[in-house]
Every structure is written in C-alpha cells, then in structure tokens.
Amino acid sequence: MKPDRILQKAFFNKLQLNEPEIIMTMKKTNVLILGSGGREYTLAWKIKQSQFCNNLFTAPGNAGTSEFGVNIDLNILDFELIKNLVLKENIDLVVVGPEEPLVKGIHDYFLADPEIAHIKVIGPDKAGAALEGSKDFAKNFMIKNSIPTAKFETFTRDTIEEGVAFLRKIKPPFVLKADGLAAGKGVVILSEIREAEIELREMLLNQKFGEASAKVVIEEFLDGIELSVFVLLDGENYLILPEAKDYKRIGEGDTGLNTGGMGSISPVPFADLSFMKKVEDQIIKPSVKGLLDEGITYKGFLFIGLMNVNGNPYVIEYNVRLGDPETEVVLPRISNDILELLIAASDGCLDRQTIETDPRTAACVMMVSAGYPGSYIKGKPIEVKKSSTAMLIHAGTTFNTSLGKAVTSGGRVIAIMEFGDNLEDALANVYRSMDCASFEGAYFRRDIGNDLASFKPMNTSGC
Ligand code: AMP
Ligand code: GLY
C-alpha cells in the first residue's frame, strides 16, 4: 500500500470516523468510460447513479449511453486522442470496458506521462492484462500458483510435430486456443483427431488468427457447467462481485455458433456458499497472490471463466475486464455506490469496502440482428416501448439524426433485463418484456436459464 494511503487510514482510524464521514471527503468525479456495448451502457447507468458522479462521458458509446452523459466519437486504441480528451474535460477516472486497450497498454501509457499519470484508470497495466492477452502466460501463471485448470501444452511452428504427438496422446474433444486476442474466435473445439491436426497446422503454419496464433495452447477438455466470477482488485485487496452465467451459443439448447453472449442470469443456483468458498480459496486468493508475486499492481476487474466439474471449480480463462452480457445482470445486483468502489480500487483501499448485493435474481436476454453471428444488415430502426420494470440496455445501437431514432449498428443490439424473486420469476418477467423493443429481423433465444430452472417462456406483454 502507498504511504499516503497508510497515513490516511491511520488518520481515519484514530479519529474513529465512520464510512459516511469518509465519503464526505471524496470529491465529485468526472468519469470517462471507454467502449460501446451493453457492458458500457450498464456501467454508464450505474455510474450515473453515484453521488460522486459529476460529468460522465462515454467514448464512443451508443444510442443509449447518451441518456447518461456525453458520447465522444473516438477510436479507443488512439491513446493520444484519449489523453487530449481527458485533459480537455478534466477527467478524474477512466473505466476501460473492453480488453484491447488494456492489452495494448493504455494504463501504462497514462502512468508514463506526467500530465496524466495522476488520473485513475480502472483496468490493469500491460503486464496484468497478459492474463487475457496471452493464453500461454495465463496457463503458466495458473500452474505456477497451483490454480486448478485443464492440463495443457503450448506449441509454435517449430514444435508443430510435438503438438501433433500431444493431440494423439490426449482424449477427444480437442481444445485448441490461439495464444493472443482473436476477437473471441480463437478457441476451437473438435471431436476428430484428423480435424484437430488440420486445425493446428492452420493456426500455426497458415496463421489462421494472424499473430494471435503464432503460439497455440492445446488443452484437455473440461466437462461441466460454466460460470463467470468477477473480482474487483486494488493491487492488494479484492472484493468478489455477484457471479453470473452467460449463454454463448446462438441456438436454443446451446447449439450453433458461438456469439458474444445471448443472455445471462445472476445469481447462479449451483454457486452456493461451499462452491464459492472453493472458488475463493483455490482460485481467487492464489490469483491475487500470484499477481503480487509477479510484481503486478492489478487495479481493475478480473473476470474468471470457470467450469464446475463435479462440484470443483477449474479455470477456463481469465479476462481482464467485466463480461458482456454478464455486466447487465451483475451491476444491477450491486447496491453499493459504484464510484466509491472504483475509487477505492484505484486508491488501494478496497479493504474498507464490502459488497452489498440485491438478493433477487436478474435475468437478461439479448436481441440480435438477423444473420448474427454471421453477416447482418445494420441501420434497422428500433421501436421501443416504455416499461416500468424492464431495463432496456443498448448494445449495438446508434442514433440516426435524420430518422430521429436509434437504429441497429451491431450484431447484439438490445438486451432486456428484469428482476424476479427467484430464477423462474426473473425469466418469466424478462420474457414477458421482450416486446419492449423490436426491429426488423430481431432474434433472441427463448431458453435462457432453462437449464437451471423449470421455467418455460410465456408470450404475454410486459410493456
Ligand atoms: P473463449 O472464447 O476463450 O471465451 O472460450 C470459448 C469457450 O470455449 C469457453 O467459454 C468454453 O465454453 C470453451 N472452452 C474453453 N476451454 C475449454 C476446455 N478446456 N474444456 C471445455 N470447454 C472449453
Ligand atoms: N461473456 C463473455 C465475455 O464477455 O467474454
């Protein structure tokens, strides 16, 4: 912990100040959110509710984020443009939504420039972001810290024959992962050994995923149910946020191509106290300690993709950001003032905070463009009906000034989120509200959460 924080804590302890009095010492904050999806809409919605929020900007944002602040159209990988914006608008805190700016070193860029080094950035530096930016780094980190994960080996074009021999040694299905970022497409799971060998050659020799597949991780298949666990870190202390389950396939019954995520629920029924204790003891604590041992000061969200294999958690992957569409159910379940948490994460004093969770269940269903995750047409006008209970979360939308309304601009267009007293109620509520938004060709899965509930969707209107 930095000396000024220790002094500040000692000062508060001596005066026996309680939290509300400490809060009064926090100033109003100008915030910039980087990104444009449903995750960033939900962050903007939550940050806008903070008593510490002054001006809020989202870059580039979407048609919905402008409800909460100002949208700034810029390329989030152009760090110089971001610096100019931050100085012009007196930004105090930058929340980085997606992984790419983090993996490319946005946090390091801020720290290295005396004009902006004091600005708080939520998201790890390049060394920490390697947990998502390199699967090989992440797997070796897990092994070094005895964190349960699938057995693996990493291969390059020079060791391709060893890779083939490794494939022949393990049991199908075969899991091949491009080492670097590949826009969510770098994981290939195949049941036939011949297909797996061809895929390995495609990745390593023909650079199927460009530089990202210069190295390929081959690992054993984990058979179980997935869930997403989120942790907020301040470099030393951590808070566990509500967990969520994401439904990744386009088709009902988890069939068809992978997508960015078709829906989510939180809490996850099987993530009970005893399972979450295993997650904390076997995965979260060694991950936080492992980062410290590497000399990485990780300030930001850590998303741990887990497989529950017969009641035991195994790490599938780390992401260095919040998930999408998990954020759409996780943030609504957090009752805390989010800026208080983010400022504490940046200042290294998360040990003074506790997460307050809404006990209700949140369910979110994503409406996507016809053709997604393949090619799709943009620019379809979106009709929206008001609902007193449903949260309409903009994702791939943009405001069309000549039409005077939002139009589609991405594959995943709008998410609808509703609460319920239990999973069945939350699902009944969200499916009743799906007619709150519509556009030509809209598609959504009708079975989100069904694997964990006995619910079947109804077709009545909630709007
Ligand atoms: P990713 O694109 O990294 O999110 O991974 C895609 C998906 O591949 C994960 O969400 C899992 O469903 C699946 N996956 C990755 N690794 C494994 C594994 N070792 N065993 C089973 N499924 C896996
Ligand atoms: N929902 C998975 C992700 O955000 O990567």
Side-chain angles (χ1 to χ4, degrees), residues 1-3 5-6 9 95-96 99 102-103 105 107-108 111 120-150 226-244 268 271 273-308 312-323 326-327 330-331 334 336 338 340-357:
M1 194 185 307
K2 281 191 250 127
R5 287 302 320 168
I6 295 169
K9 276 192 185 180
V95 183
V96 186
E99 64 281 5
L102 296 166
V103 172
H107 201 152
D108 312 64
L111 290 174
K120 301 176 198 303
V121 176
I122 298 300
D125 64 7
K126 204 170 181 170
L131 280 182
E132 181 165 1
S134 167
K135 301 239 188 254
D136 180 47
F137 173 80
K139 293 293 289 192
N140 283 307
F141 175 88
M142 289 180 237
I143 300 301
K144 206 194 275 184
N145 294 290
S146 306
I147 294 166
T149 189
E226 280 182 71
L227 83 157
S228 307
V229 168
F230 300 94
V231 189
L232 180 62
L233 281 84
D234 70 1
E236 186 182 356
N237 308 292
Y238 65 86
L239 286 177
I240 304 175
L241 312 183
E243 77 287 348
V268 179
L273 281 178
S274 96
F275 183 81
M276 289 307 288
K277 180 158 172 31
K278 288 183 192 170
V279 172
E280 182 166 13
D281 291 345
Q282 298 170 19
I283 293 166
I284 296 174
K285 284 182 181 164
S287 298
V288 174
K289 182 177 177 304
L291 286 166
L292 281 171
D293 292 346
E294 300 276 335
I296 294 170
T297 307
Y298 193 113
K299 291 174 187 248
F301 296 103
L302 180 63
F303 160 174
I304 311 176
L306 294 175
M307 191 74 86
N308 173 355
N312 291 311
Y314 287 77
V315 176
I316 299 176
E317 58 172 355
Y318 288 110
N319 294 308
V320 296
R321 52 170 171 86
L322 285 173
E326 290 96 328
T327 306
V330 169
L331 291 188
I334 296 176
N336 304 64
I338 191 79
E340 210 182 321
L341 296 180
L342 297 181
I343 290 166
S346 178
D347 287 351
C349 52
L350 271 184
D351 52 335
R352 301 196 67 94
Q353 304 286 337
T354 46
I355 289 286
E356 293 150 27
T357 309

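Note that this is a predicted model, so its numbers are computed, not measured.
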Practice item. Run the numbers on Lys120 and Asp347 for side chain to side chain contact (heavy atoms under 4.5 Å, CB included), then give the verdict. Key: CA-CA 8 Å; Lys120 301 176 198 303; Asp347 287 351; 2.8 Å; yes
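- Distance check: Leu232 CG to Ile334 CD1 gives 8.5 Å after rounding to the nearest 0.5 Å.
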Review point. For Glu236 and Tyr298, what are the C-alpha separation, side-chain angles and deciding distance, and is it a side-chain hydrogen bond (donor to acceptor under 3.5 Å, both in side chains)?
Key: CA-CA 8 Å; Glu236 186 182 356; Tyr298 193 113; over 6 Å; no
Practice item. Decide side chain to side chain contact (heavy atoms under 4.5 Å, CB included) for Glu317 and Asn319; before the verdict, give the C-alpha distance in whole Å, the side-chain angles of both, and the deciding distance to 0.1 Å. Key: CA-CA 7 Å; Glu317 58 172 355; Asn319 294 308; 3.5 Å; yes
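- For the pair Leu241 and Val231, the minimum side-chain heavy-atom distance is 4.5 Å or more.
- When all heavy atoms of Glu326 and Ala244 are compared, the pair lying nearest together is CG-CB, 3.8 Å.
- Between Pro124 and Leu102, the shortest heavy-atom distance links the atoms O-CD2, 3.5 Å.
- Counting non-hydrogen atoms of neighbouring residues, nucleotides and ligands closer than 6.0 angstrom, the NZ atom of Lys285 exceeds 12 such neighbours.
- Put simply, the side chain of Asn308 never gets that close to the backbone of Pro313: no donor and acceptor are under 3.5 Å apart.
- Residues passing the salt bridge (Lys or Arg N to Asp or Glu O under 4.0 Å) test with Glu243, sequence neighbours excluded: none.
- For Thr149 (side chain) and Met142 (main-chain N/O), no donor-acceptor pair under 3.5 Å exists by modelled atom type.
- Take Lys278 and apply the salt bridge (Lys or Arg N to Asp or Glu O under 4.0 Å) test, not counting sequence neighbours, and it matches no residue.
- The shortest side-chain heavy-atom distance between Phe141 and Ile143 does not fall under the 4.5 Å cut-off.
- Side-chain contact check for Glu280 and Tyr238: at least one donor-acceptor pair (N or O, by modelled atom type) lies under 3.5 Å.
- Checking side-chain atoms of Ser134 against main-chain N and O of Ala130 turns up no donor-acceptor pair under 3.5 Å.
- The backbone N or O of Lys126 lies less than 3.5 Å from a partner atom in the side chain of Asp108, making a donor-acceptor pair.
- Side-chain contact between Ser346 and Val121 is absent, with no heavy atoms from C-beta onward closer than 4.5 Å.
- Taking CG from Asp234 and CD1 from Ile343, the interatomic distance works out to 13.5 Å, rounded to the nearest 0.5 Å.
- Not a single donor-acceptor pair under 3.5 Å links the side chain of Asn145 to the backbone N or O of Ser287.
- You'll find the side chain of Asn336 stays beyond 4.5 Å of the side chain of Ile338, heavy atoms only.
- Here the side chains of Val315 and Leu306 are in contact, with some heavy-atom distance below 4.5 Å.
- Annotation for Ala150 and Lys139: closest pair O-NZ, 2.8 Å, computed over non-hydrogen atoms.
- Residues that satisfy the side-chain contact (heavy atoms from CB on, under 4.5 Å) test with Thr297, not counting sequence neighbours, are Lys299.
- Expressed to the nearest 0.5 Å, how far OG of Ser228 lies from CG of Leu322 amounts to 10.5 Å.
- Judged by distance alone, with hydrogens and angles left aside, the side-chain atoms of Glu132 form a donor-acceptor pair with the main-chain N or O of Val320 at under 3.5 Å.
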Point to revise | side chain to side chain contact (heavy atoms under 4.5 Å, CB included) assessment of Leu350 paired with Leu233 | key: CA-CA 8 Å; Leu350 271 184; Leu233 281 84; 5.6 Å; no
Exercise for review: Assess whether side chain to side chain contact (heavy atoms under 4.5 Å, CB included) is satisfied between Ile316 and Glu226, documenting all intermediate values.
Suggested key: CA-CA 9 Å; Ile316 299 176; Glu226 280 182 71; 3.6 Å; yes
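- Of all heavy-atom pairs between Ile122 and Phe301, the closest is CG2-CE1, 3.9 Å.
- The distance from the CG atom of Leu111 to the CG atom of Asp125 is 7.0 Å, given to the nearest 0.5 Å.
- Put simply, CD1 on Ile296 and CG on Leu291 are 5.5 Å apart, with the number rounded to the nearest 0.5 Å.
- Under the 4.5 Å side-chain criterion, counting only non-hydrogen atoms from C-beta, Leu239 is in contact with Leu341.
- Shown are Leu131, Ile147, Ile284; of these, the side chain to side chain contact (heavy atoms under 4.5 Å, CB included) with Ile304 is made only by Ile284.
- Looking at every heavy atom in both residues, Val330 comes nearest to Pro242 through CG2-O, 3.5 Å.
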